[in-house]
Amino acid sequence: AVWRAFPGSPRRPIAIVRVPADSLENGELTHLERTPVDSDLAQEQWDAYVSALETEGFEIVQAEPADEHPDSVFIEDVVVMFGDVAVITSPGADSRAGEIDGIRELVESLGHRVEQITRPGTLDGGDVLKVGSTVYVGRGGRTNGEGIRQLRAIVAPLGYTVIAVPITKALHLKSAVTALPDGTVIGFAKYLEAPSVFERFLPVPEAHGAAVVVLGPDAVLLSSAAPKTKALLEDLGYRVVTVDVSEFEKLEGCVTCLSVRIR
Ligand code: CIR
């Protein structure tokens, strides 16, 4: 059965994706050394990622390709959804600022009201983790205090509470932590200053295990580079679907950043 986050919703969940750019291998790197990216393999992995989401019931919506932006495949960074409001971000890396072009039209066509973060505020979607009505926002290399202030002003009237979390050891908040379907925050503790900021925190044994995409009330999508985390989550009663995203991990990406889920 297809999972519907809102009981009775006639719509299937949507996943917005963007095909890898020809220039993918030149993507930004902050914490990792550059290693060669196999662009054919990246395309195959991306196809398999999209198929996995489709198999799990997501309707796939493709954003226009943006070949001039190497990191454009990491579409999660450019738009964040809060119910029927889409917040277009202000990407913190200059090379990524142009990735927002066309995103307003795309989300409006899906029926969303649009808000926007603007410079001098910066904010990457990878820094935004929603758990119920709590919105954790990483303040790190890509997201600044002004970006967080603007996001707070946009989402507070919608009933969300923004909690800012300093991040120094990882690119984005969601490189370090994501949430299980039950709202438990899982993460790689070495990347965090203070896991105690999260109400319910479960450490995972692998860095690539920190990122999960919720597929339904009892299922998550995980990188195949995190087998111990897969075993841990299965032991907690979850069905774990894995995908190999090695070429994106070389560019500090992960399973969450390759799509924007709308439920
Ligand atoms: C970047 O540095 O912006 C890209 N190479 C990786 C972005 C990954 N995005 C994410 O984790 N949300």
Side-chain angles (χ1 to χ4, degrees), residues 15-39 42 45-46 49 53 63 66-81 86-101 103 117 122-130 135-144 147-148 151 165 167-179 185-188 191-192 204 206-214 221-223 225-226 243 245-261:
I16 307 177
V17 296
R18 175 135 72 181
V19 72
D22 292 341
S23 54
L24 173 70
E25 62 183 346
N26 300 321
E28 296 279 345
L29 282 177
T30 308
H31 296 274
L32 294 184
E33 293 286 317
R34 194 168 294 280
T35 50
V37 170
D38 179 334
S39 47
Q45 292 179 344
W46 186 81
Y49 173 88
L53 291 179
D67 275 327
E68 65 286 18
H69 293 294
D71 283 312
S72 53
V73 70
F74 303 116
I75 193 163
E76 174 188 67
D77 290 320
V78 301
V79 58
V80 187
M81 304 310 235
V87 177
I88 297 180
T89 69
S90 171
D94 289 336
S95 69
R96 303 198 58 188
E99 289 180 32
I100 64 170
D101 294 351
I103 298 296
I117 309 289
T122 63
L123 184 132
D124 276 15
D127 277 316
V128 182
L129 174 65
K130 290 167 286 175
V135 184
Y136 297 101
V137 185
R139 193 288 181 241
R142 298 288 173 83
T143 294
N144 64 18
I148 298 174
L151 184 70
V165 183
I167 287 286
T168 57
K169 300 173 198 160
L171 177 62
H172 287 127
L173 173 69
K174 279 193 285 188
S175 329
V177 291
T178 54
V185 173
I186 65 166
F188 192 56
Y191 286 168
L192 292 167
V204 296
E206 295 144 318
H208 291 311
V212 292
V213 172
V214 171
L221 184 72
L222 179 73
S223 163
V243 282
V245 287
S246 63
E247 300 316 287
F248 304 103
E249 287 166 346
K250 289 176 181 171
L251 295 165
E252 298 179 25
C254 54
V255 287
T256 58
C257 44
L258 294 171
S259 62
V260 175
R261 282 78 56 193

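In listed order, ligands and their atoms are each counted from 1.
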Heavy atom of the protein closest to [atom] (residue, atom name, distance):
atom                    : result
atom 12 (N) of ligand 1 : Asp77 OD1, 2.8 Å
atom 4 (C) of ligand 1  : Asp71 OD1, 3.1 Å
atom 8 (C) of ligand 1  : Glu252 O, 3.4 Å

Exercise. Taking only heavy atoms of Leu251 into account, list the atoms of ligand 1 that are under 4.0 Å away from them.
Key: 4 (C), 5 (N), 6 (C)
Practice problem: Run the numbers for me: atoms of ligand 1, each under 4.0 Å from some heavy atom of Glu76, listed by number. | Solution: 12 (N)
Quiz item: Does ligand 1 have any atom sitting under 4.0 Å from a heavy atom of His172?
Solution: yes
Quiz item: Short question: side chain of Lys174, backbone of Ala211 - any donor-acceptor pair under 3.5 Å?
Solution: no
Quiz item: Does any N or O in the side chain of Asp71 come within less than 3.5 Å of the main-chain N or O of Leu24, such that one atom is a donor and the other an acceptor?
Solution: no
Quiz item: Below 4.0 angstrom, N of the basic side chain to O of the carboxylate: do Asp127 and Arg142 qualify?
Solution: no
Quiz prompt | Check ion pair Glu25-Arg34 (N to O, under 4.0 angstrom) | solution = no
Practice problem: Using a 4.0 Å heavy-atom threshold (strictly under), name the region of Thr30 that reaches ligand 1: side chain, backbone, both or neither. | Solution: neither
Quiz item: Backbone, side chain, both or neither: what part of Arg96 comes under 4.0 angstrom of ligand 1, heavy atoms only?
Solution: side chain
Decide whether an N or O pair under 3.5 Å exists between [X] and ligand 1.
X      : value
Glu28  : yes
Asp124 : no
Arg142 : yes

Exercise. Using distance alone, with no hydrogens and no angle criterion, decide if Glu76 and Ser259 have a side-chain donor and acceptor under 3.5 Å apart.
Key: no
Exercise. Start with the C-alpha gap between Thr143 and Ile148, add the side-chain angles, then the distance that decides, and say whether side chain to side chain contact (heavy atoms under 4.5 Å, CB included) holds.
Key: CA-CA 7 Å; Thr143 294; Ile148 298 174; 3.7 Å; yes
Practice problem: Locate the shortest heavy-atom distance separating Leu32 from Glu252; write the atom from each residue and the value. | Solution: N-OE2, 2.8 Å
Quick one: side chains of residues 15-23, donor-acceptor pairs under 3.5 Å with protein atoms, not counting sequence neighbours, listed by atom name and distance.
{"residue": "Arg18", "atom": "NH1", "partner": "Glu64", "partner atom": "O", "Å": "3.2"}
{"residue": "Arg18", "atom": "NH2", "partner": "Glu99", "partner atom": "O", "Å": "2.9"}
{"residue": "Ser23", "atom": "OG", "partner": "Asp67", "partner atom": "O", "Å": "2.7"}

